[in-house]
Colleague: 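I have a structure here, written as structure tokens, and I will follow up with some questions on it.
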Amino acid sequence: MNIFEEYIKKITNLILKNKEFLNLDNLNNFKGIAVESPPPEFDFDLSCNAGLLLGKINKIDPKYLANKIKDLIIKELKDFENIEVAGPGFLNLRLTKESLISKINEILNNKESFGKKNSNNNYNIEFVSANPTGPMHVGHCRGAIYGDVLSNLLKFNGNKVTKEYYINDYGNQIKNFAKSVFLRIREIKYNEKFMPNEDLYPGNYIIDIGQKILDSNKKEKFDNFEKSLNLLKKESLKYSMDLIKTDLKELGIEHDNFFSETELIEKKLVDKAINQLKQNNYVQEGFLEPPKGEPDKNWKKTKRLIFKSTLFGDDTDRAMQKNDGSWTYFANDVGYHMYKVNRNYEYLINVLGADHTGYTKRITAAVSALSDNKIQLNCKVCQLVKLYKHGKPFKMSKRAGDFISVRDLLNEVSKDSIRFMMLNRSNDVEIDFDFDKVLEKSKDNPVFYVQYSFARISSLFRTINKNLNDKVELDIKNFSLNENEIKILRKVFEWPKIIETASSKYEPHKIPYYLYELATLFHSYWSKGNENQSFKFVEEGKIKKTETLAIIVLVSIVIQRGMNILGVSLPDKM
RNA sequence: GCGCUUGUAGCUCAACUGGAUAGAGCGCCUGACUUCGGAUCAGGAGGUUCUGGGUUCGACUCCUAGCAGGCGCACCA
């Protein structure tokens with residue numbers, strides 16, 4: 001049930017049926033008609049801009065038109081007890097008790113699906129895809145949580161979602177990684193001092209990995225790097241992915257599919273993709289212009305395969321081959337994305353870190369080219385998490401082994417706080433993350449505020465000895481809502497709309513904001529009893545008004561659905 | 001130089017994707033505890049929405065020209 005959509009339809013139909021009466025010629029602008037909640041200072045449930053919109057295109061005074069529409073609504077729909085024309089021509093509408101009760105019952109009878117926006121598309125969301133050369137750091141977990149919650153959200157609406165992780169287990173960085181492990185093994189086994197340089201990974205976790213590999217390969221001498229390379233790559237990758245998977249799991253994240261770059265190469269998927277693009281002349285041999293900006297010493301003008309991504313809105317065409325003729329990282333990624341396209345998803349989403357902003361155009365271009373413009377890849381970039389330590393900016397470097405890992409964070413702060421905090425911000429805004437502050441202030445993290453409201457609700461149900469799922473019967477004769485209750489109810493009505501925009505725009509941060517607002521209204525309602533005894537909910541172990549019960553159950557429904565989507569727990573005691 | 005992105009209260013951010021008097025938290029000031037669990041609540045102060053121009057009934061939102069911050073700009077991954 002989405003009350004706003006319901007009345008957009010009803011009012012639109014009414015206007016269409018009565019266009020002569022309203023003297024409307026031009027009705028082609030119904031898209032812009034909105035029914036929403038009016039600002040809180042108006043004591044109405046809904047507001048509608050039909051008068052403004054249609055007045056404008058038909059050159060009729062909006063207020064006059066709004067009044068005519070008002071008359072129509074009064075005549076045809078029995079749902080409202082009061083309608084007013086306000087401001088420049090808004091219609092404000094207040095529902096009758098009967099309609100309120102029927103809306104409330106509708107929600108109570110469909111608890112699980114309240115807010116659900118029915119759709120059944122097939123989504124692929126690629127997220128995290130952190131390089132398998134070490135544990136996850138704090139920056140990774142933003143995209144991880146964003147992707148996970150987006151998946152939950154889309155699933156809640158009935159879509160099929162594949163959560164995918166692309167393992168970049170090919171190329172130089174893996175060789176360097178293996179080399180680092182090799183040297184650490186030599187350090188352990190032969191007491192050779194590990195000399196860090198800029199190609200090597202210095203972190204202590206490399207020692208752990210080395211030790212594990214030593215333990216399970218007792219016969220191996222590790223006297224020649226090239227000879228041990230395959231073993232080292234395979235084992236190091238495995239342990240490194242174990243680290244990442246453990247971190248993800250503790251954050252409450254589980255991918256459906258891990259896809260390896262090496263496998264991609266072995267299956268010749270890159271060649272296939274490039275052949276396909278060649279047939280459409282999207283890939284051709286040619287020369288690229290030298291890169292703009294800083295002059296590059298290594299730059300050579302060489303004939304090579306080039307993807308014409310400018311045809312799809314990119315700034316420049318992109319190289320598929322390196323100087324030595326091997327595929328570029330991008331070429332491999334094109335192969336990977338062909339594999340995605342071929343699996344018949346309606347929507348592809350990539351969640352990327354801020355350092356990939358410049359990459360999005362070319363890969364979206366590639367997907368358009370591969371799918372004949374049928375599939376749109378949507379790249380969502382999560383901005384940086386700026387770290388502070390002791391109030392000072394803290395530069396992270398995975399290479400230097402100098403970073404705050406997800407593990408460090410999890411040791412201090414709960415999964416719930418991390419998830420809520422990382423989401424409580426739109427993805428294209430930087431997050432200031434003061435490590436010390438988070439620790440100090442963990443108690444007034446907004447997540448507790450929302451959780452606490454549910455704990456209070458649970459506590460109330462314990463004292464009246466009832467269950468949240470017990471049936472609530474509303475009696476129309478005595479039905480009345482006080483100011484707090486009506487505010488909460490109106491907020492609850494907005495829930496489906498929050499889900500709708502959060503999922504269609506890929507903006508999951510709307511949810512924590514909304515839940516916080518709902519919790520605020522609830523706490524305020526609850527506290528009324530402290531000021532004035534007559535507002536107490538309970539008398540002699542029994543609830544005084546069933547309306548109270550209904551409203552509180554509504555709040556609990558929304559908070560449960562919401563926190564479930566966020567992947568944050570909801571204890572009934574705190 | 002180019003692309004993407006951000007600029008809103010002292011600070012950190014919202015604003016239903018063009019709606020009505022721009023809202024929260026923190027911080028500051030005032031008040032409510034023999035608590036239906038105060039991890040809470042009530043109230044106050046705080047704004048030229050970076051600047052200039054444009055579009056229209058109506059702009060934080062769209063267009064345009066600037067200013068300032070961030071990220072990126074290999075044939076690295």
Side-chain angles (χ1 to χ4, degrees), chain A residues 4 32 34 36-42 47 49 52-53 55-56 61-63 86-90 92 131 133 168 170-174 261 288 290-294 296-302 304 314-316 318-330 332-333 353-361 379 381 383-384 386 424-426 428-432 434 441 443-446 448-449 451-453 455-456 459-460 463-464 494 497-498 500-501 504-505 507 509-510 513-514 516-517 520 523-531 533 535-539 541 543-544 573-574:
Chain A
F4 306 103
E36 21 192 55
S37 27
E41 60 270 23
F42 296 92
S47 84
N49 66 351
L52 281 168
L53 221 80
K56 179 185 174 182
D61 174 29
K63 278 193 174 178
F90 286 101
N92 286 330
N131 283 333
T133 51
N168 298 126
Y170 188 84
N172 273 331
Q173 62 172 5
I174 295 303
E261 190 177 0
L288 282 175
K292 305 255 161 56
E294 299 278 304
D296 189 334
K297 282 177 200 158
N298 299 326
W299 161 256
K300 273 185 201 161
K301 189 159 182 168
T302 321
R304 54 162 48 87
D314 198 359
D315 313 313
T316 159
R318 303 292 173 176
M320 304 295 272
Q321 284 176 304
K322 302 183 199 170
N323 272 332
D324 62 3
S326 62
W327 299 131
T328 58
Y329 172 83
F330 173 60
N332 291 347
D333 213 14
D355 49 341
H356 286 75
T357 25
Y359 189 72
T360 59
K361 278 188 182 177
C379 289
V381 173
Q383 284 306 319
L384 248 52
K386 268 170 50 188
N424 206 9
R425 206 125 301 185
S426 138
D428 41 30
V429 160
E430 288 179 13
I431 295 183
D432 284 334
D434 191 318
K441 295 189 140 194
K443 288 226 164 181
D444 48 347
N445 190 307
F448 291 100
Y449 188 82
Q451 285 177 323
Y452 185 49
S453 63
R456 279 183 150 175
S459 147
L460 175 74
T463 55
I464 61 171
E494 286 177 21
K497 200 166 179 165
I498 296 296
E500 149 71 14
T501 45
S504 64
K505 307 288 176 193
E507 291 177 349
H509 73 277
K510 305 258 177 206
Y513 272 98
Y514 169 85
Y516 190 90
E517 285 165 8
T520 302
H523 285 308
S524 167
Y525 179 39
W526 177 284
S527 302
K528 276 284 175 208
N530 292 343
E531 297 158 26
Q533 286 289 321
F535 280 106
K536 297 244 180 200
F537 299 160
V538 177
E539 206 167 56
I543 203 93
K544 290 201 285 196
K573 279 181 194 168
M574 285 176 75

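Note that the structure is a prediction, hence the values are computed from the model and not measured. Note on naming: letters A, B, ... go to the chains in the order of the sequence lines (proteins, then strands), and numbering restarts at 1 for each one. Keep in mind that the numbers below use all heavy atoms, side chains included, and drop hydrogens, waters and symmetry copies.
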Colleague: For B:G53 versus B:C67, give the span between their C1' atoms, rounded off to a whole number of Å.
Modeller: 15 Å
Colleague: If you measure from the P atom in B:U21 to the same atom in B:C16, how many Å do you get, rounded?
Modeller: 16 Å
Colleague: Suppose we screen for side chain to side chain contact (heavy atoms under 4.5 Å, CB included). Which residues come up paired with A:Thr463, at least two apart in sequence or across chains?
Modeller: A:Leu460
Colleague: Taking the C1' atom in each of B:G58 and B:C2, what is the distance between them to the nearest angstrom?
Modeller: 36 Å
Colleague: C1' atom, B:G10 versus B:C28: distance in rounded Å?
Modeller: 9 Å
Colleague: What pairs with A:Tyr513 under ring pair (Phe, Tyr, Trp, His ring centres under 6.0 Å), at least two apart in sequence or on another chain?
Modeller: none
Colleague: Looking for any heavy atom pair under 4.0 Å, which part of the strands does A:Ile464 touch: base, sugar-phosphate only, or nothing?
Modeller: nothing
Colleague: Just compare B:G37, B:C13, B:C16 and give me whichever is closest to any side-chain atom of A:Ala455.
Modeller: B:G37
Colleague: Students often get this wrong, so: under 4.0 angstrom with heavy atoms, is A:Arg456 touching a base, only sugar-phosphate, or nothing?
Modeller: base
Colleague: Mind checking what makes salt bridge (Lys or Arg N to Asp or Glu O under 4.0 Å) contact with A:Asp315, not counting sequence neighbours?
Modeller: A:Lys361
Colleague: Can you tell me the base-pairing partner of B:G3? Count Watson-Crick or G-U wobble geometry only, both distances below 3.5 Å, and say none if there is no partner.
Modeller: B:C71
Colleague: Touch check for A:Glu494, heavy atoms < 4.0 angstrom, all strands: base, sugar-phosphate only, or nothing?
Modeller: nothing
Colleague: For nucleotides B:C76 and B:U64, find the distance between their P atoms and express it as a whole number of Å.
Modeller: 36 Å
Colleague: Measuring to OP1 and OP2 of B:U6, would you say a side-chain N or O of A:Lys386 lies under 4.0 angstrom away?
Modeller: no
Colleague: Any idea which of B:A77, B:C36, B:A42 is nearest the A:Ser524 side chain?
Modeller: B:A42
Colleague: Measuring only the C1' atom in each nucleotide, how far is B:C33 from B:A42? A whole number of Å is fine.
Modeller: 14 Å
Colleague: By nearest atom, which of the nucleotides B:A15, B:G25, B:C36 is closest to the A:Tyr516 side chain?
Modeller: B:G25
Colleague: Only counting residues at least two apart or in another chain, list the ones meeting side chain to side chain contact (heavy atoms under 4.5 Å, CB included) with A:Thr520.
Modeller: A:Tyr449, A:Tyr516
Colleague: So which protein N/O to nucleotides 18-22 of chain B N/O distances come out below 3.5 Å?
Modeller:
{"unit_1": "B:A20", "atom_1": "N6", "unit_2": "A:Ser47", "atom_2": "OG", "d": "3.0"}
{"unit_1": "B:A20", "atom_1": "N6", "unit_2": "A:Asn92", "atom_2": "OD1", "d": "3.1"}
{"unit_1": "B:A20", "atom_1": "N1", "unit_2": "A:Asn92", "atom_2": "OD1", "d": "3.3"}
{"unit_1": "B:A20", "atom_1": "N1", "unit_2": "A:Asn92", "atom_2": "ND2", "d": "3.2"}

Colleague: Tell me the interatomic distance from A:Leu384, atom CG, to B:G70, atom P, rounded to whole angstroms.
Modeller: 11 Å
Colleague: Please give, in whole Å, the distance from B:A74 C1' to A:Trp327 CH2?
Modeller: 18 Å
Colleague: Just to confirm, is there a sub-4.0 Å distance from OP1 or OP2 of B:U35 to any side-chain nitrogen or oxygen of A:Trp526?
Modeller: no
Colleague: What's the closest nucleotide to the side chain of A:Asp432 if the choices are B:U12, B:C36, B:A15?
Modeller: B:U12
Colleague: In whole Å, what is the span from the CD atom of A:Gln533 to the C1' atom of B:C41?
Modeller: 15 Å
Colleague: A:Val381 and side chain to side chain contact (heavy atoms under 4.5 Å, CB included): which single residue from A:Asp428, A:Asp355, A:Thr360 fits?
Modeller: A:Thr360
Colleague: Could you check whether A:Ser459 gets within reach of a base, just the sugar-phosphate, or nothing at all, counting any heavy atom under 4.0 Å?
Modeller: base
Colleague: Is any side-chain N or O of A:Asn530 closer than 4.0 Å to OP1 or OP2 of B:C36?
Modeller: yes
Colleague: Who does B:A15 pair with, Watson-Crick or G-U, both distances under 3.5 Å?
Modeller: none
Colleague: Identify each atom pair where a protein N or O and an N or O of nucleotides 2-5 of chain B are less than 3.5 Å apart, giving names and distance.
Modeller:
{"unit_1": "B:G3", "atom_1": "O3'", "unit_2": "A:Lys361", "atom_2": "NZ", "d": "3.3"}
{"unit_1": "B:G3", "atom_1": "O2'", "unit_2": "A:Lys361", "atom_2": "NZ", "d": "3.2"}

Colleague: Just to confirm, is there a sub-4.0 Å distance from OP1 or OP2 of B:C36 to any side-chain nitrogen or oxygen of A:Tyr525?
Modeller: no
Colleague: Which whole-number value in Å describes the distance from A:Ile498 CD1 to B:A14 C1'?
Modeller: 11 Å
Colleague: What closest approach, in Å, do A:Pro62 and A:Pro88 show between heavy atoms, and which atom pair accounts for it?
Modeller: CB-O, 3.7 Å
Colleague: For B:C33, which nucleotide in any strand shown is its Watson-Crick or wobble partner with both distances under 3.5 Å?
Modeller: none
Colleague: Without decimals, in angstroms, what is the distance between A:Ile431 CD1 and B:U6 P?
Modeller: 15 Å
Colleague: Could you give the distance separating B:C71 and B:C62 at their P atoms, to the nearest angstrom?
Modeller: 24 Å
Colleague: Under the side chain to side chain contact (heavy atoms under 4.5 Å, CB included) rule, what do A:Lys386 and A:Asp432 come out as? Steps first, then yes or no, please.
Modeller: CA-CA 5 Å; A:Lys386 268 170 50 188; A:Asp432 284 334; 3.7 Å; yes
Colleague: Name the closest nucleotide to the A:Tyr513 side chain, picking from B:C36, B:U40, B:A14.
Modeller: B:A14
Colleague: Please state how far atom CG in A:Asp314 lies from atom P in B:G72, giving the value in whole angstrom units.
Modeller: 18 Å
Colleague: Using the C1' atom on both, measure B:U8 against B:A68 and round to a whole Å.
Modeller: 15 Å
Colleague: Hey, what do you get for NZ (A:Lys536) to CH2 (A:Trp526), rounding to the nearest 0.5 Å?
Modeller: 10.0 Å
Colleague: Could you check whether any side-chain heavy atom of A:Lys322 comes within less than 4.5 Å of a side-chain heavy atom of A:Trp327, counting everything from C-beta outward?
Modeller: no
Colleague: Does B:C62 have a Watson-Crick or wobble partner in any strand here, with both distances under 3.5 angstrom, and which is it?
Modeller: B:G54
Colleague: If you count the non-hydrogen atoms of other residues, nucleotides and ligands that lie under 6.0 Å from CZ in A:Phe537, is the total more than 12?
Modeller: yes
Colleague: Looking only at heavy atoms, which two atoms of A:Arg304 and A:Ala319 are closest? And how far apart?
Modeller: CD-CB, 3.8 Å
Colleague: Measure the spacing between CZ of A:Arg425 and CD of A:Glu430 and express it to the nearest 0.5 Å.
Modeller: 11.5 Å
Colleague: Go through the side-chain N and O atoms of A:Asn131 and A:Gln173 and say whether any donor and acceptor fall under 3.5 Å apart.
Modeller: yes
Colleague: From B:U12, B:C76, B:A39, pick the nucleotide closest to the side chain of A:Phe448?
Modeller: B:A39
Colleague: Using the side-chain heavy atoms of A:Met574, tell me which of these nucleotides is nearest: B:A77, B:A42, B:A39.
Modeller: B:A39
Colleague: Whole angstrom is fine here: how far is it from CD in A:Gln451 over to C1' in B:A39?
Modeller: 10 Å
Colleague: Would you say A:His509 reaches B:A15's phosphate, i.e. side-chain N/O to OP1/OP2 under 4.0 Å?
Modeller: yes
Colleague: What integer distance in Å separates A:Lys528:NZ from B:G43:C1'?
Modeller: 12 Å
